[in-house]
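A short worksheet on the structure shown next.
Being a predicted model, the structure only gives us computed values, none of them experimental.
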Amino acid sequence: MTVVLFVLAVVVVGLVVWAGRMRAAAHRARIRAAASVGGADVVRSEDVRTVKRTVGDRPILGNATLVLTESELILAQWNPPEDVVVPLRAIRKVDTTRAEAGRGISTELVRVRWRVGGGQQDTLSFQPRDRDAWLAELGAAKR
(Lines give C-alpha, C1' and ligand atoms only; values in the text may rest on other atoms or scores of the structure.)
Protein backbone atom coordinates (compact mmCIF):
# COMPACT_ATOMS: atom_id res chain seq x y z
CA MET A 1 0.00 0.00 0.00
CA THR A 2 2.80 2.45 0.85
CA VAL A 3 4.53 1.67 -2.46
CA VAL A 4 1.34 2.50 -4.35
CA LEU A 5 0.97 5.80 -2.47
CA PHE A 6 4.61 6.65 -3.14
CA VAL A 7 4.25 5.95 -6.88
CA LEU A 8 1.03 7.97 -6.98
CA ALA A 9 2.75 10.87 -5.21
CA VAL A 10 5.65 10.79 -7.69
CA VAL A 11 3.23 10.81 -10.63
CA VAL A 12 1.26 13.73 -9.16
CA VAL A 13 4.42 15.75 -8.49
CA GLY A 14 5.63 15.02 -12.03
CA LEU A 15 2.36 16.23 -13.51
CA VAL A 16 2.42 19.41 -11.43
CA VAL A 17 6.00 20.17 -12.54
CA TRP A 18 5.11 19.46 -16.20
CA ALA A 19 2.03 21.72 -16.02
CA GLY A 20 4.10 24.50 -14.49
CA ARG A 21 6.67 24.22 -17.27
CA MET A 22 3.95 24.36 -19.94
CA ARG A 23 2.42 27.47 -18.36
CA ALA A 24 5.83 29.11 -18.24
CA ALA A 25 6.54 28.18 -21.87
CA ALA A 26 3.16 29.61 -22.92
CA HIS A 27 3.87 32.82 -21.02
CA ARG A 28 7.30 33.20 -22.66
CA ALA A 29 5.74 32.58 -26.10
CA ARG A 30 3.12 35.28 -25.50
CA ILE A 31 5.88 37.73 -24.53
CA ARG A 32 7.87 36.87 -27.70
CA ALA A 33 4.74 37.26 -29.83
CA ALA A 34 3.98 40.64 -28.25
CA ALA A 35 7.55 41.78 -28.88
CA SER A 36 7.31 40.68 -32.52
CA VAL A 37 4.13 42.67 -32.99
CA GLY A 38 5.74 45.90 -31.77
CA GLY A 39 3.33 48.76 -32.38
CA ALA A 40 1.16 46.93 -34.91
CA ASP A 41 -2.55 46.53 -34.32
CA VAL A 42 -3.49 42.96 -33.38
CA VAL A 43 -6.41 41.69 -35.44
CA ARG A 44 -6.68 38.27 -33.75
CA SER A 45 -4.69 36.25 -31.21
CA GLU A 46 -5.08 32.77 -29.75
CA ASP A 47 -3.20 29.88 -28.17
CA VAL A 48 -3.45 26.97 -30.63
CA ARG A 49 -2.27 23.43 -31.31
CA THR A 50 -0.01 23.51 -34.34
CA VAL A 51 1.55 21.38 -36.99
CA LYS A 52 4.28 23.43 -38.65
CA ARG A 53 6.15 21.98 -41.57
CA THR A 54 9.01 23.59 -43.46
CA VAL A 55 10.30 22.31 -46.77
CA GLY A 56 13.15 19.91 -46.05
CA ASP A 57 12.53 19.75 -42.29
CA ARG A 58 10.63 17.25 -40.23
CA PRO A 59 7.24 18.36 -38.89
CA ILE A 60 7.18 20.33 -35.67
CA LEU A 61 4.14 19.53 -33.53
CA GLY A 62 3.03 21.39 -30.42
CA ASN A 63 1.30 24.35 -28.89
CA ALA A 64 1.87 27.96 -29.84
CA THR A 65 0.57 31.48 -29.54
CA LEU A 66 -0.67 32.73 -32.90
CA VAL A 67 -1.06 36.46 -33.57
CA LEU A 68 -2.50 38.07 -36.69
CA THR A 69 -1.68 41.73 -37.28
CA GLU A 70 -2.52 43.95 -40.23
CA SER A 71 0.70 42.89 -41.98
CA GLU A 72 1.95 39.61 -40.43
CA LEU A 73 0.96 36.23 -39.06
CA ILE A 74 3.19 35.42 -36.08
CA LEU A 75 3.60 31.96 -34.55
CA ALA A 76 5.42 31.78 -31.20
CA GLN A 77 5.86 28.06 -30.48
CA TRP A 78 6.00 27.14 -26.80
CA ASN A 79 8.42 24.25 -26.84
CA PRO A 80 10.89 24.27 -28.47
CA PRO A 81 10.79 28.07 -28.41
CA GLU A 82 10.66 29.04 -32.07
CA ASP A 83 9.09 32.03 -33.78
CA VAL A 84 7.79 32.09 -37.33
CA VAL A 85 6.82 35.44 -38.88
CA VAL A 86 4.82 35.25 -42.11
CA PRO A 87 4.29 38.48 -44.06
CA LEU A 88 0.67 38.47 -45.23
CA ARG A 89 1.79 39.48 -48.74
CA ALA A 90 3.74 36.16 -48.96
CA ILE A 91 0.67 34.01 -48.25
CA ARG A 92 -0.40 32.05 -51.34
CA LYS A 93 -3.29 29.99 -50.00
CA VAL A 94 -5.48 29.63 -46.91
CA ASP A 95 -7.66 26.52 -46.62
CA THR A 96 -8.45 23.60 -44.31
CA THR A 97 -7.05 20.09 -44.04
CA ARG A 98 -7.68 16.91 -42.07
CA ALA A 99 -4.28 15.37 -42.78
CA GLU A 100 -0.98 17.04 -42.05
CA ALA A 101 2.55 15.73 -41.57
CA GLY A 102 1.44 12.28 -42.69
CA ARG A 103 -1.14 11.97 -39.93
CA GLY A 104 -4.88 11.76 -40.20
CA ILE A 105 -6.50 14.29 -37.88
CA SER A 106 -10.09 14.02 -36.65
CA THR A 107 -10.81 17.75 -36.86
CA GLU A 108 -10.21 20.28 -39.60
CA LEU A 109 -7.10 22.43 -39.27
CA VAL A 110 -6.58 25.85 -40.80
CA ARG A 111 -3.69 25.61 -43.26
CA VAL A 112 -1.64 28.59 -44.44
CA ARG A 113 0.82 28.25 -47.32
CA TRP A 114 3.36 30.92 -48.20
CA ARG A 115 6.49 31.41 -50.28
CA VAL A 116 9.92 31.60 -48.69
CA GLY A 117 13.35 32.27 -50.19
CA GLY A 118 14.21 30.42 -53.36
CA GLY A 119 10.56 30.01 -54.33
CA GLN A 120 9.99 27.19 -51.86
CA GLN A 121 6.69 26.82 -50.04
CA ASP A 122 6.24 26.64 -46.30
CA THR A 123 3.10 25.39 -44.55
CA LEU A 124 1.60 26.13 -41.16
CA SER A 125 -1.47 24.28 -39.92
CA PHE A 126 -3.22 24.99 -36.66
CA GLN A 127 -6.33 24.08 -34.70
CA PRO A 128 -8.09 27.23 -33.46
CA ARG A 129 -11.24 27.34 -31.35
CA ASP A 130 -13.08 29.34 -34.05
CA ARG A 131 -11.86 27.96 -37.38
CA ASP A 132 -14.30 29.99 -39.50
CA ALA A 133 -13.27 33.31 -37.90
CA TRP A 134 -9.57 32.61 -38.56
CA LEU A 135 -10.34 31.62 -42.16
CA ALA A 136 -12.30 34.83 -42.67
CA GLU A 137 -9.64 37.06 -41.07
CA LEU A 138 -6.76 35.44 -42.96
CA GLY A 139 -8.70 35.49 -46.21
CA ALA A 140 -9.47 39.20 -45.78
CA ALA A 141 -5.92 40.06 -44.67
CA LYS A 142 -4.35 38.20 -47.59
CA ARG A 143 -6.10 40.35 -50.20
Side-chain angles (χ1 to χ4, degrees), residues 4-143:
V4 171
L5 289 176
F6 175 75
V7 169
L8 184 61
V10 168
V11 168
V12 168
V13 168
L15 287 173
V16 168
V17 168
W18 176 81
R21 287 183 179 173
M22 288 303 292
R23 276 194 298 275
H27 179 70
R28 288 190 300 273
R30 288 184 199 107
I31 290 171
R32 288 194 326 271
S36 294
V37 168
D41 289 333
V42 173
V43 175
R44 190 166 203 74
S45 178
E46 185 177 336
D47 292 339
V48 297
R49 290 192 56 219
T50 64
V51 177
K52 191 258 179 199
R53 181 172 61 197
T54 304
V55 173
D57 289 348
R58 66 180 177 80
I60 300 171
L61 309 173
N63 297 322
T65 298
L66 195 63
V67 177
L68 176 63
T69 70
E70 294 173 343
S71 62
E72 296 175 324
L73 178 64
I74 302 163
L75 171 82
Q77 187 148 339
W78 298 0
N79 197 10
E82 177 186 353
D83 297 342
V84 177
V85 178
V86 181
L88 296 182
R89 67 183 177 281
I91 294 176
R92 298 294 176 241
K93 187 173 184 181
V94 178
D95 61 2
T96 61
T97 183
R98 283 191 181 268
E100 200 54 66
R103 297 177 170 194
I105 298 174
S106 62
T107 185
E108 284 193 357
L109 303 173
V110 173
R111 179 172 53 192
V112 178
R113 297 177 186 183
W114 71 98
R115 293 279 178 211
V116 294
Q120 292 182 319
Q121 181 173 274
D122 204 346
T123 303
L124 167 67
S125 300
F126 58 94
Q127 182 180 355
R129 286 186 291 275
D130 189 349
R131 183 187 68 241
D132 293 335
W134 274 96
L135 286 169
E137 293 287 352
L138 285 166
K142 173 173 105 71
R143 291 184 198 133

Qualifying ring-ring contact (aromatic ring centres under 6.0 Å, His included) pairs with a residue from residues 115-140, counting only residues at least two apart or across chains: Phe126-Trp134
Residue pair Val94, Leu135: steps toward the side chain to side chain contact (heavy atoms under 4.5 Å, CB included) verdict: CA-CA 7 Å; Val94 178; Leu135 286 169; 3.8 Å; yes
Donor-acceptor contact below 3.5 Å, side chain Glu46 vs main chain Val67: no
What's the separation between atom CG in Leu124 and atom CG in Leu66, rounded to the nearest 0.5 Å? 6.5 Å
What are the two closest heavy atoms between Pro128 and Val48, and how far apart are they? CA-CG1, 4.0 Å
Enter the distance from Arg111:CZ to Thr97:OG1 here, rounded to the nearest 0.5 Å. 4.0 Å
Would you please name every residue forming a side-chain contact (heavy atoms from CB on, under 4.5 Å) with Arg115, sequence neighbours left out? Arg92, Gln121
Rounded to the nearest 0.5 Å, what's the gap from CG on Asp122 to CZ on Arg113? Could you check? 11.5 Å
Walk me through it: do Leu88 and Leu73 pass the test side chain to side chain contact (heavy atoms under 4.5 Å, CB included)? CA-CA 7 Å; Leu88 296 182; Leu73 178 64; 4.3 Å; yes
Test of understanding: with side-chain hydrogen bond (donor to acceptor under 3.5 Å, both in side chains), list the residues that count as partners of Asp130, not counting sequence neighbours. none
Checking side chain to side chain contact (heavy atoms under 4.5 Å, CB included) for the pair Asn63/Asp47: CA distance, chi angles, key distance, verdict? CA-CA 7 Å; Asn63 297 322; Asp47 292 339; over 6 Å; no
At their closest point, which heavy atom of Trp114 faces which heavy atom of Val84, and how far apart are they? CZ2-CG1, 3.9 Å
Passes side chain to side chain contact (heavy atoms under 4.5 Å, CB included), Val112 versus Leu138? Steps please. CA-CA 9 Å; Val112 178; Leu138 285 166; 3.8 Å; yes
In the structure I gave you, are the side-chain heavy atoms of Arg131 and Thr96 within less than 4.5 Å of one another anywhere? yes
Can you measure from OG1 (Thr123) to CG (Leu109) and round to the nearest 0.5 angstrom? 12.0 Å
Nearest-0.5 Å distance, CD of residue Gln127 to CZ of residue Arg129: 11.0 Å
